[in-house]
Amino acid sequence: MAIVSHQHARNIAEDLRPHNWKQANKTIVPIILSNIPDAALSDYCKQHNIPLIENNTKHGFGANNNKIYRHAKQNLGLKEEDYFFCVNPDVMTSATDIISLSEIMKTNKYTVAAPNLLKPDGTPDDNIRSFPTLKDIAHRYLLDSKKSNVEKRNKQECEVTDWASGAFLCFRASTYGAIKGFDERYFMYYEDADICRRASSIGQPTYYIPHVEATHIGNRKSRGLPTKQLVHHVTSAIRFILTSSE
């Protein structure tokens with residue numbers, strides 16, 4: 001279970017609560033990477049005996065998850081048939097849901113999958129989407145268009161989706177390795193769309209699992225006034241469109 005923190009000690013301890021997963025099922029191994037020095041997070045990991053990786057310099061979302069994957073392979077015995085989860089600190093889930101998702105993947109031979117993310121008020125979170133065109137991206141920024149979002153309300157069965165949010169995304173370890181993980185040229189945004197597209201290109205599509213639910217608290221800052229997040233979002237969107245034919 002890869003968790004990347006940017007001073008999210010409180011979210012991890014109070015919302016995500018990975019220490020509870022370990023207590024409920026010893027096959028679940030959370031690994032936390034701190035992208036920014038965080039004494040509170042260090043104390044939390046020591047208290048609950050959770051592996052902690054600490055960066056000396058900031059890295060992007062993809063690079064950090066790749067670093068956790070390498071750590072799990074080299075130091076914790078991650079096997080090809082195991083499952084590698086990427087989960088944001090602002091998600092609320094349980095050991096039961098984690099195991100359910102992995103068992104559904106194993107039974108159906110899915111190698112990339114995402115659960116049904118909900119907002120705190122219980123309404124659907126837009127965590128599954130179709131691949132956007134340049135027009136879709138422009139309309140999303142300028143008009144707050146939701147055209148590339150996939151309507152989830154009436155979906156009751158597992159089905160293929162173009163891509164799913166990296167807020168909660170699971171891979172069979174062998175597939176993650178085969179596509180060499182996330183493309184580290186993306187600092188943040190669209191690296192999840194890119195990795196799902198590359199997995200699909202080798203015959204491993206992304207599946208949406210509607211009956212496994214988790215809550216995504218969310219904290220989006222990429223819209224509105226110009227910010228570093230907006231710059232990253234636009235840059236990554238352009239990269240995604242330009243590499244769509246590769």
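Lys79 and Glu81 are not joined by a salt bridge, as no carboxylate oxygen comes within less than 4.0 angstrom of a charged side-chain nitrogen. The residues Lys119 and Asp121 are annotated as not salt-bridged, no charged nitrogen and carboxylate oxygen being separated by less than 4.0 angstrom.
Under the side chain to side chain contact (heavy atoms under 4.5 Å, CB included) criterion, Ala40 pairs with Ala9, Asp38, not counting sequence neighbours. In this structure Glu159 satisfies the side-chain hydrogen bond (donor to acceptor under 3.5 Å, both in side chains) test together with Lys155, sequence neighbours excluded. Checked against ring-ring contact (aromatic ring centres under 6.0 Å, His included), His48 has the following partners two or more places apart in sequence or in another chain: His19, Tyr44.
No hydrogens or angles considered: a donor-acceptor pair under 3.5 Å links the side chains of Asn66 and Tyr176. Counted by atom type alone, Asp97 and Ser94 present one or more donor-acceptor pairs between their side chains at under 3.5 Å. Side chains of Glu80 and Ser174: a donor-acceptor N/O pair is absent below 3.5 angstrom, by distance only. Checked by atom type, the side-chain pair Asn11/Asp90 shows no donor-acceptor distance below 3.5 Å.
The shortest heavy-atom contact between Tyr208 and Lys152 is OH-CD, 3.5 Å. The two residues Asp162 and Ser130 make their nearest non-hydrogen contact at OD2-CA, 3.3 Å.
Side chains of Arg197 and Trp163 form no contact here, defined as non-hydrogen atoms less than 4.5 Å apart.
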